[in-house]
Peer 1: 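One structure, pasted below without further comment.
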2 protein chains.
Amino acid sequence: MVRLEDIARQAGVSHSTVSRALAGSPLISVETRDRIQKLAAESGYQVNQVARNLKVRSTSTIGLIVPEVSNPYYPKLVQHVADAVKAAGFSLQLHLSGSEQDAEAQCVASLREHRADGILLVTGERGIVAREQVLAMSASKTPVVLMGWVDGAEEFNLVTGDDAKGGYALGRHLVELGHRRIALLGKPPHRGPYDRLVGFRRALEEGGVPLSETLALEAASDEEVYVGVTKLLALDDPPTAIFAYQDSLAALTYKHLGDAGVSIPQDMTVVGFDDLDLATYLTPRLTTVGGHIEPLSAAFVDLLLVLVRGQAEESLPRQIVLTPQLIVRSSCTAPRQRPLTSSLSRPILDKRT
Amino acid sequence: MVRLEDIARQAGVSHSTVSRALAGSPLISVETRDRIQKLAAESGYQVNQVARNLKVRSTSTIGLIVPEVSNPYYPKLVQHVADAVKAAGFSLQLHLSGSEQDAEAQCVASLREHRADGILLVTGERGIVAREQVLAMSASKTPVVLMGWVDGAEEFNLVTGDDAKGGYALGRHLVELGHRRIALLGKPPHRGPYDRLVGFRRALEEGGVPLSETLALEAASDEEVYVGVTKLLALDDPPTAIFAYQDSLAALTYKHLGDAGVSIPQDMTVVGFDDLDLATYLTPRLTTVGGHIEPLSAAFVDLLLVLVRGQAEESLPRQIVLTPQLIVRSSCTAPRQRPLTSSLSRPILDKRT
DNA sequence: CGACGCCATGCACACGATTGCAGACATTCT
DNA sequence: AGAATGTCTGCAATCGTGTGCATGGCGTCG
């Protein structure tokens with residue numbers, strides 16, 4: 001592979017001159033500069049970034065750590081981040097922290113070894129696990145920005161959506177529609193106060209709607225959603241609405257409700273959270289909370305770039321919180337009224353009061 | 001940031017000794033090795049991979065170039081690749097080649113500058129655009145493996161699914177169900193012979209089913225699918241089935257058919273291609289072709305790793321073609337019969353003849 | 001005509017690691 | 001006791017660039 005030295009010999013100059021010529025340094029006369037650039041292009045020269053990075057002590061690389069990318073929530077984020085990072089002239093090193101406990105720390109360590117100029121870390125549902133590593137990175141002047149929920153956020157640079165507000169809007173919407181028996185479906189609240197649920201609860205309390213613990217079901221997989229939905233439908237007094245903590249869970253809920261012959265929203269109101277593309281593909285389109293992935297990822301990258309470029313006037317960690325929006329579509333309606341006149345209606349209707 | 005030299009001074013040895021100790025070289029006595037490793041751990045030493053890579057002339061990095069990741073087809077691929085690459089002890093550098101014409105070449109160039117040990121290049125719908133760059137890389141002993149459709153495949157290492165076979169299976173399925181007016185919906189065939197369509201056409205020809213050009217509609221965006229579906233429904237003799245070239249288009253088709261009050265599969269059969277998760281979220285579940293992303297990506301990475309490790313006995317480019325499978329779900333049924341005996345049979349049964 | 005200044009270029013070192021080779025020291029054998 | 005052997009460690013070169021500093025040549029001005 002051709003080096004500066006090779007071009008230098010060919011041009012009859014020193015490698016320093018070639019280096020400067022290719023960098024467009026004003027120290028070099030235009031004639032030699034053009035001559036050398038032409039030579040370099042002809043010989044197919046490509047800078048050895050490894051050597052360059054070593055010398056200039058910076059890599060123009062930023063690392064992105066994401067729990068996974070097969071789950072439909074993250075790809076959009078990755079897309080935005082990748083575009084923004086490239087536009088800023090940096091390369092992207094992608095790491096998937098997966099489900100193993102220490103994988104996140106390993107990702108950070110790897111990026112540290114590779115001397116990434118900055119790190120974007122999206123915490124999964126368990127919050128941040130590589131806490132010490134991140135603090136160590138910050139201590140050694142490598143900026144790290146977190147995204148998602150984290151415990152003890154004030155220590156970190158953080159960008160996050162205000163899930164509590166989103167949850168509140170969602171809860172209020174259901175209350176205003178008149179729902180009084182609302183089921184909850186989702187993963188267990190690993191993240192301490194599970195914000196979107198906290199907001200949701202608050203809305204219900206304000207509306208005087210009780211939240212029955214028997215209607216709060218843990219479910220993460222397809223299988224578990226099936227079990228959960230089946231359990232809810234079998235209740236004497238089934239819910240009139242289901243709040244799935246994530247759109248992907250809502251999609252599974254759709255599927256199993258459909259299989260059970262329950263139609264949305266006539267027989268059951270369903271709402272989600274995230275506003276994936278999925279939400280508009282579903283029939284009926286899903287009412288959800290979102291519309292903030294794009295601004296969120298923009299803020300995410302922007303903050304890091306500011307820090308990487310050293311444009312931060314003060315060094316206090318910053319937290320940026322964006323407010324998501326309630327997106328009303330067609331998966332909600334007022335609950336069906338309980339038939340007052342005993343057994344006139346067919347039992348199948350009773351089930352879904 | 002702490003270097004080998006720092007630890008060396010602290011331990012009263014030379015940096016060579018530290019290097020060897022950390023690498024676990026048998027040249028170093030166990031006592032000093034342990035002592036040094038302990039010291040390194042305490043001081044939070046992390047190898048400078050940039051310097052290391054320069055010296056050892058290899059980066060343990062492989063590049064992955066993908067058109068985009070917001071489109072639901074690619075994330076699964078990225079996930080598998082990332083996992084496999086990490087398991088093999090390599091880092092992943094992700095590049096999105098996007099829609100601009102020369103972006104792909106820029107990605108390859110960037111990876112070349114960074115001295116990636118190998119490149120995984122997923123060609124978009126326009127096939128390979130960075131042809132010369134890829135050939136140049138191969139010429140300089142950096143293996144490149146392509147995935148997707150490419151023109152003049154024999155020059156490259158290539159992994160691909162046999163779309164023609166998949167299309168054939170799909171076409172045959174529809175023919176056997178009795179469909180004779182079938183609409184086509186998708187992007188224009190950038191890729192020369194658009195294999196999945198070629199196979200599909202062949203199946204129809206074999207079944208003696210004509211393919212009307214008025215039923216072949218170009219559509220890529222939500223908007224265009226809406227226009228297309230509307231046009232089809234407005235025909236005097238509308239189709240009984242729609243083949244969307246991709247699951248994502250099928251999903252949009254679902255949406256617009258639903259809006260128009262057309263129910264699937266009773267009023268219209270819909271099939272897709274790719275088998276995204278999406279396909280099972282839709283109601284009814286989508287009949288499609290797929291089931292090969294996983295083996296495909298496995299073969300993709302495996303082939304590259306073999307080449308990177310130099311285990312290839314001969315240097316001829318290889319092509320690996322995997323056969324996808326027809327996945328029959330609930331979005332297809334036989335076309336509604338034209339009521340022969342006027343109104344005797346109940347329409348709802350006619351629907352499902 | 002000499003001195004000074006400027007422009008273009010080369011020299012040499014640094015970045016932080018790996019590694020062949022030589023050498024120091026201890027041990028064992030004759 | 002001296003030599004041979006083996007074990008461990010240090011020296012120094014190297015990977016390919018970038019860049020401060022010195023230098024050489026040339027033009028200009030006093």
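Just the heavy atoms: all of them, side chains too, but no hydrogens, waters or symmetry mates, feed the values below. Chain A is the first sequence line, chain B the second, and so forth, proteins listed ahead of strands; every chain is numbered from 1. None of these values were measured; they are calculated from a predicted model.
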Peer 1: Could you encode protein contacts along nucleotides 12-19 of chain D as a string, one character per nucleotide from 5' to 3', using B for base contact, S for sugar-phosphate-only contact and - for no contact, with a heavy-atom cut-off of under 4.0 Å?
Peer 2: B-BBBBBB
Peer 1: Under a 3.5 Å distance rule, please check whether Arg131(A) uses its side chain to pair with a backbone N or O of Asp151(A) as donor and acceptor.
Peer 2: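 Checked: pair present.
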Peer 1: Bend across the helix from dC1(C)-dG30(D) to dT30(C)-dA1(D), to 10°, with axes taken over 5 pairs at each end?
Peer 2: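 One end axis against the other gives 70°.
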Peer 1: Hey, does the side chain of Glu104(B) reach the backbone of Ala130(B) with a donor-acceptor pair shorter than 3.5 angstrom?
Peer 2: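 Yes; at least one donor-acceptor contact below 3.5 Å.
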Peer 1: In whole angstroms, how far is the P atom of dA17(C) from the CD atom of Gln49(B)?
Peer 2: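 Distance, rounded to whole Å: 10 Å.
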Peer 1: Please say which of Leu111(B), Leu94(B), Leu96(B), Leu120(B) ends up in a side chain to side chain contact (heavy atoms under 4.5 Å, CB included) with Ile65(B).
Peer 2: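 The single option meeting the side chain to side chain contact (heavy atoms under 4.5 Å, CB included) with Ile65(B) is Leu111(B).
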Peer 1: If only side-chain N and O atoms of Ser29(B) are considered, is one of them under 4.0 Å from the OP1 or OP2 phosphate oxygen of dT7(D)?
Peer 2: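 Looking at the OP1 and OP2 atoms of dT7(D), neither is under 4.0 Å from any side-chain N or O of Ser29(B).
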Peer 1: Find the distance Ile7(B):CD1 to dT18(C):C1' and express it as a whole number of Å.
Peer 2: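 From Ile7(B) CD1 to dT18(C) C1': 15 Å.
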Peer 1: Mind calculating the distance between CG (Asn53(A)) and P (dA17(C)) to the nearest angstrom?
Peer 2: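 Taking atom P of dA17(C) as the reference, CG of Asn53(A) is at 15 Å.
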Peer 1: I'd like to know whether CD of Glu5(A) has more than 12 heavy-atom contacts from other residues, nucleotides or ligands below 6.0 angstrom.
Peer 2: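 Enclosed.
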Peer 1: Less than 4.5 Å apart, any side-chain heavy atom of Met1(B) and any of Arg115(A)?
Peer 2: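 They are in contact (side-chain heavy atoms under 4.5 Å apart), so the answer is yes.
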Peer 1: Evaluate the side-chain proximity of Leu121(A) to Phe156(A): yes if any heavy-atom separation is below 4.5 Å, no if none is.
Peer 2: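 Result no, sub-4.5 Å side-chain heavy-atom pair not found.
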Peer 1: Determine the minimum heavy-atom distance between Val50(B) and Leu54(A), stating which atoms define it.
Peer 2: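 Scanning both residues completely, I find the closest heavy atoms to be CG1-N, 3.4 Å.
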Peer 1: Quick one: label Val50(B) by what it contacts on the DNA or RNA (base, sugar-phosphate, nothing), any heavy atom closer than 4.0 Å.
Peer 2: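 Contact class for Val50(B): none.
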Peer 1: Output yes when a side-chain donor or acceptor of Ser297(A) lies under 3.5 Å from a complementary backbone atom of Ile293(A), and no otherwise.
Peer 2: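 Side chain of Ser297(A) to backbone of Ile293(A), a donor-acceptor pair under 3.5 Å: yes, one is there.
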